[in-house]
Structures are given as structure tokens and as C-alpha cells.
There are 2 protein chains.
Amino acid sequence: MLSAEHQKILQANALFSGFTEDELAQISRFSAFVEVENQQRLFEQGQIAKDFFLLVSGKIKLAFLSAEGLEKVVDVIQPGHSFAEAVMFFRQRKYPLNASALGHSGVLRVNTGCYLKILESSTKSCFKIMGKLSQRLHWATSEINHLVLHDGKYRLIKFLLANAKKSNNVDLSIAKNILASQLSIKPETLSRTLNELSKQGLIAVDSSHIVLLKPSELEDIIIS
Amino acid sequence: MLSAEHQKILQANALFSGFTEDELAQISRFSAFVEVENQQRLFEQGQIAKDFFLLVSGKIKLAFLSAEGLEKVVDVIQPGHSFAEAVMFFRQRKYPLNASALGHSGVLRVNTGCYLKILESSTKSCFKIMGKLSQRLHWATSEINHLVLHDGKYRLIKFLLANAKKSNNVDLSIAKNILASQLSIKPETLSRTLNELSKQGLIAVDSSHIVLLKPSELEDIIIS
DNA sequence: AAATATCCTTGACACAAGTCAAGCCTTCGT
DNA sequence: ACGAAGGCTTGACTTGTGTCAAGGATATTT
């Protein structure tokens with residue numbers, strides 16, 4: 001059962017915006033606010049997915065873990081965003097990756113069974129979900145594209161340009177080793193590449209604060 | 001407008017199976033049977049997506065093309081399967097990749113506008129689509145996993161095991177350079193890796209016919 | 001403030017995979 | 001049947017990125 005405050009947060013999310021008061025109340029009854037400590041697992045790869053989530057505060061890291069213990073960070077979820085909602089449509093309803101907290105975090109846990117039942121009566125909400133799923137799919141396919149057709153430097157520059165504010169600077173909200181994993185390079189390589197771009201005078205790095213000195217030249221690199 | 005025969009083929013596909021005769025007839029009116037020659041483009045990266053497709057005969061290659069002209073084959077569609085149906089839910093309704101025929105092929109072209117209109121009245125069909133989308137998403141995320149966490153040899157063995165018949169042999173229905181691109185390695189590397197596995201006595205290669213001599217040892221390689 | 005842990009950087013080296021180039025083998029068209 | 005074209009293989013070389021190891025910087029704990 002959710003508090004009124006938490007229900008408001010649900011309602012603000014696109015996946016719930018089309019629901020009536022009644023439906024929302026019903027979902028609320030099958031939901032809970034959960035707090036997780038830094039590093040704590042919210043769910044694990046292979047676990048049966050009875051819920052999906054909406055992040056209220058903190059950060060959640062989504063990552064694959066290979067048999068050898070290598071980790072690939074797929075995404076770092078920010079407050080306000082839902083995650084693992086695609087899993088409820090998988091044939092095998094198992095989470096394909098691990099979710100763990102980066103810092104103390106609060107999430108809303110929503111029961112998939114309850115949600116699906118309500119979906120059955122609203123094509124409008126179905127369309128929202130389909131939009132979400134296709135958005136995820138689009139991201140994933142373009143990620144494959146970037147992984148195969150381009151190198152680590154390209155992906156770093158792409159990330160910097162995508163995350164730059166109007167003032168052309170980027171504040172990393174996550175540790176560099178996690179960023180490295182997201183870009184599918186090793187921390188050492190990230191460090192070297194940042195260094196290289198600095199020496200070329202294209203960026204300036206001050207710990208987690210990066211300034212894009214010549215954004216247009218950076219764009220040129222990823223186009224050519 | 002589709003022939004009765006082609007309408008049957010539509011109906012056999014999961015994406016249309018929940019529709020009434022009336023709805024199917026309506027879709028048929030906004031559809032067409034299209035034949036494409038070997039190498040001919042069905043649609044291109046960036047083009048506005050007014051249709052999605054269902055392959056009747058032949059093969060369709062889906063591939064990204066980078067600015068430098070490098071190609072990454074994402075998938076080779078086989079008869080009976082639909083493709084590009086996720087694009088209709090993208091915010092920017094543009095095809096993210098190229099589709100071209102491998103050999104003379106026949107496809108059914110379905111208008112997205114018409115299809116979406118009918119979807120609006122059937123959550124059952126929405127669920128079929130959501131299933132399809134999440135299946136695609138699941139494939140894509142596990143592909144990212146394989147690309148980042150494993151090497152080309154791993155992906156080749158995985159492919160061989162996945163495509164082996166009961167008799168433990170694999171008949172490549174596509175050219176080796178296309179398979180190489182699907183595995184995200186160069187043709188030279190594919191050739192060398194097949195050679196390496198042959199010399200180890202794990203497989204036997206006779207042009208496009210491959211026999212898995214020791215499947216269990218191959219499984220061991222990808223587990224460890 | 002010292003001690004500790006964690007993260008980040010740097011250098012030396014190793015290796016998987018890409019590139020370039022040449023030659024081979026098959027398939028196809030005339 | 002012949003030549004041409006395309007695909008496949010092989011060798012020699014290059015290169016990006018990973019690995020290992022050590023040192024430096026920064027934050028956290030006591």
C-alpha cells in the first residue's frame with residue numbers, strides 16, 4: 001500500500017497517467033515503497049520477475065554479470081524513471097540483469113500481475129507501454145550499432161555531447177569506473193582517452209567535472 | 001489489396017491472429033504484395049516508416065550502415081516472420097537500418113496507420129505486439145551482453161549450437177561474410193576461427209556445411 | 001590527524017582482432 | 001568451355017584495448 005505522496009509520484013509517470021482513480025488505488029494496494037542501501041541488490045539476474053519499479057530517489061545500476069564475474073553496466077536509472085517494466089512481457093519472466101543501488105535509494109515496487117490486469121482494459125495504456133518498449137528497443141539497437149561500428153573514443157565523445165548542458169560542461173553523477181563500464185571500456189582506457197582529448201585541447205577535466213572546450217571539433221570526430 | 005492466399009499468410013502470423021474477418025479485410029486493403037530482386041533495398045535507414053513487413057519468400061537482410069560505409073548485419077529474416085513492426089512506435093517514425101533482399105524475395109507490406117487504428121480497439125492484439133517488442137528487446141540486450149562480455153569465438157560457438165539440428169550439423173543458409181557481420185567479426189577472423197576449431201577436432205567444415213563433432217566440449221568453452 | 005579504503009591514473013607489456021594483399025576456389029554468364 | 005567475378009582463405013603486419021602492477025589522489029573512519 002502506498003502513501004498519498006507516493007501515489008502522486010506513480011500518477012506523474014507516463015505508465016500510469018491514463019489510469020482512473022480506482023485503478024490507481026488498486027495498483028497502490030499491490031505496491032510498496034522500498035528503501036535500499038548503497039550496493040544492495042534490488043533484484044538479481046535469473047530471479048522470477050513479479051514486480052517492476054519506479055525510482056523515487058537515489059540511483060539504480062542495471063548490469064549484466066558474466067560467469068567469469070565481469071560486469072557490464074547497461075544503464076544507471078535516475079529518479080522519476082521506471083525500470084524492468086519490459087520483463088513482464090518476456091516468455092520467461094526472469095530479470096535478465098542485476099539491479100543494485102548506487103547510494104541509499106527509494107523505489108516504488110509495482111506488482112506486474114495487478115498492472116497487467118488493468119492494462120487489459122485500456123488500449124490507451126497499452127500504447128504507452130508499447131511506446132516505452134519500442135523506445136528501449138531503439139536504444140538497444142543503436143547501442144549495438146555503436147558497439148560494433150565505432151570505438152571507445154567515439155562512444156565517450158557521444159556520451160559527453162549527449163550529457164553536456166548549455167554551458168558545455170558535463171558533471172558526472174556517477175563514478176568513472178561505472179561510466180567506463182557503460183561505455184564498454186576499461187577504467188584505464190577511459191582515463192587515457194580523457195587524457196588524450198585534454199592534451200588535444202578539446203576538453204578540460206577536473207575530477208568529475210568536464211568542460212567541452214571545442215564542441216564542434218568533437219562533433220567532427222564522431223561524424224568522420 | 002491482397003489476394004486470398006496472402007491474406008491467409010497474414011492471418012497465420014501472431015500479429016494478426018486476433019483480428020476479425022472485417023479487420024483483416026480492412027488491413028488487406030491497405031497492404032500489398034511486393035517482390036524485390038537480389039540486393040534490392042526494401043527500405044533505407046532514415047526513411048519515414050509508413051509500413052511494416054511480413055516475409056513470404058526469400059531472405060531479407062537488416063543492417064546498419066555507418067558513415068564510413070561499414071556494415072553491421074543485425075538480422076536475416078526468414079519467411080513467415082514480420083519485421084520493422086517496432087518502428088511504428090518510435091517517436092521519430094524512421095527506419096533505423098537498411099533492409100535489402102538476399103535473393104529474389106516476396107514480402108507483404110502493411111500500412112502502419114491502418115494497423116494502429118485497429119490495435120486501438122483490441123488490447124488482446126496490443127498484448128501480442130508487446131510480446132513481440134519485448135522479445136526483440138530481450139534479444140537486443142542479450143546481444144549487447146555477448147558483444148561486450150565475450151569474444152568472437154564465443155559468439156561463433158553460440159551460433160553453431162543454436163543452429164544445430166538434431167544430427168549436430170549446421171547448414172549455413174547465408175554467405176559466410178554475412179554470418180561474420182552478424183557475429184560482429186571480419187570474414188578473415190571467421191575463417192580463422194572455424195579453422196582453429198577444426199584443427200582442435202571440435203567441428204568439421206565442408207564449405208557451408210558444418211558438423212559439430214564434440215558438442216559437449218563446445219558447450220564447455222562457452223561456459224568457462 | 002592519522003589510518004584506511006577506494007578510486008583514479010600511469011607505465012610496460014600482451015593479445016585478440018583488424019588491415020592489407022595475394023592467391024585460390026567456386027559459380028555464373030557469354 | 002572459357003573467362004570473369006565474387007567469395008573464401010591464408011600470411012604478414014598493425015593497432016586498439018585489455019591486463020598487470022605500482023603509485024597517487026581523495027574521501028571516510030576512528
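Atoms considered below: every heavy atom in the structure, side chains included; atoms not considered: hydrogens, waters and symmetry mates. For clarity, every value in this text was computed on a predicted model and none was experimentally measured. Residue numbers begin at 1 in each chain, while the letters A, B, ... track the order of the sequences.
Put simply, the side chain of B/Ser17 gets close to the backbone of B/Ala14: a donor and an acceptor are under 3.5 Å apart. For A/Ser134 (side chain) and A/Met130 (main-chain N/O), a donor-acceptor pair under 3.5 Å exists by modelled atom type. One N or O on the side chain of A/Lys72 and one on the backbone of A/Gln182 form a donor-acceptor pair closer than 3.5 Å.
Taking atom CD1 of residue B/Ile185 and atom P of nucleotide D/dT9, one finds them 11 Å apart after rounding to whole Å. The CG-P distance, from B/Asp206 to D/dC8, rounds to 14 Å in whole Å. The separation between A/Leu156 atom CG and D/dT17 atom C1' is 14 Å, rounded to whole Å. If you take CG of B/Leu179 and P of D/dG7, they are 15 Å apart, rounded to a whole angstrom. When the P atom of D/dG18 is taken as reference, atom CG of A/Leu183 falls 11 Å away, rounded to whole Å. Atom P of nucleotide C/dG18 and atom CG of A/Asp151 are separated by 13 Å, given to the nearest angstrom. For the pair A/Leu149 CG and C/dG18 P, the computed distance is 12 Å after rounding to whole Å. Atom CD in B/Glu71 sits roughly 11 Å away from atom P in D/dG7 (whole-Å rounding).
Look at B/Lys186 and you'll find a side-chain N or O under 4.0 angstrom from OP1 or OP2 of C/dT19.
More than 12 heavy-atom neighbours from other residues, nucleotides or ligands sit within 6.0 angstrom of NZ on B/Lys165. In the displayed structure, B/Lys50 atom NZ is contacted under 6.0 Å by at most 12 heavy atoms of other residues, nucleotides or ligands.
The existence of a salt bridge linking A/Glu71 and A/Lys61 is confirmed by a sub-4.0 Å separation between a basic side-chain nitrogen and an acidic carboxylate oxygen.
Residues A/Ser100 and A/Asn98 bring no donor and acceptor atom of their side chains to less than 3.5 Å of each other. A donor-acceptor pair shorter than 3.5 Å can be found between the side chains of A/Asp171 and A/His209.
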Filtered N/O pairs between nucleotides 7-11 of chain C and protein, under 3.5 Å:
residue	atom	partner	partner atom	Å
C/dC8	OP1	A/Lys176	N	2.7
C/dC8	OP2	A/Asn177	N	3.1
C/dT9	OP1	A/Lys176	NZ	3.4
C/dT9	OP2	A/Ser191	OG	3.4
C/dT9	O5'	A/Ser191	OG	3.1
C/dT10	OP2	A/Asn195	ND2	2.3
C/dG11	N7	A/Arg192	NH1	3.1
C/dG11	O6	A/Arg192	NH2	3.4

Under 3.5 Å, which N/O atoms of the protein pair with N/O atoms of nucleotides 28-30 of chain D?
none

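In this structure, A/Phe30 has its ring center no closer than 6.0 Å to that of A/Tyr115.
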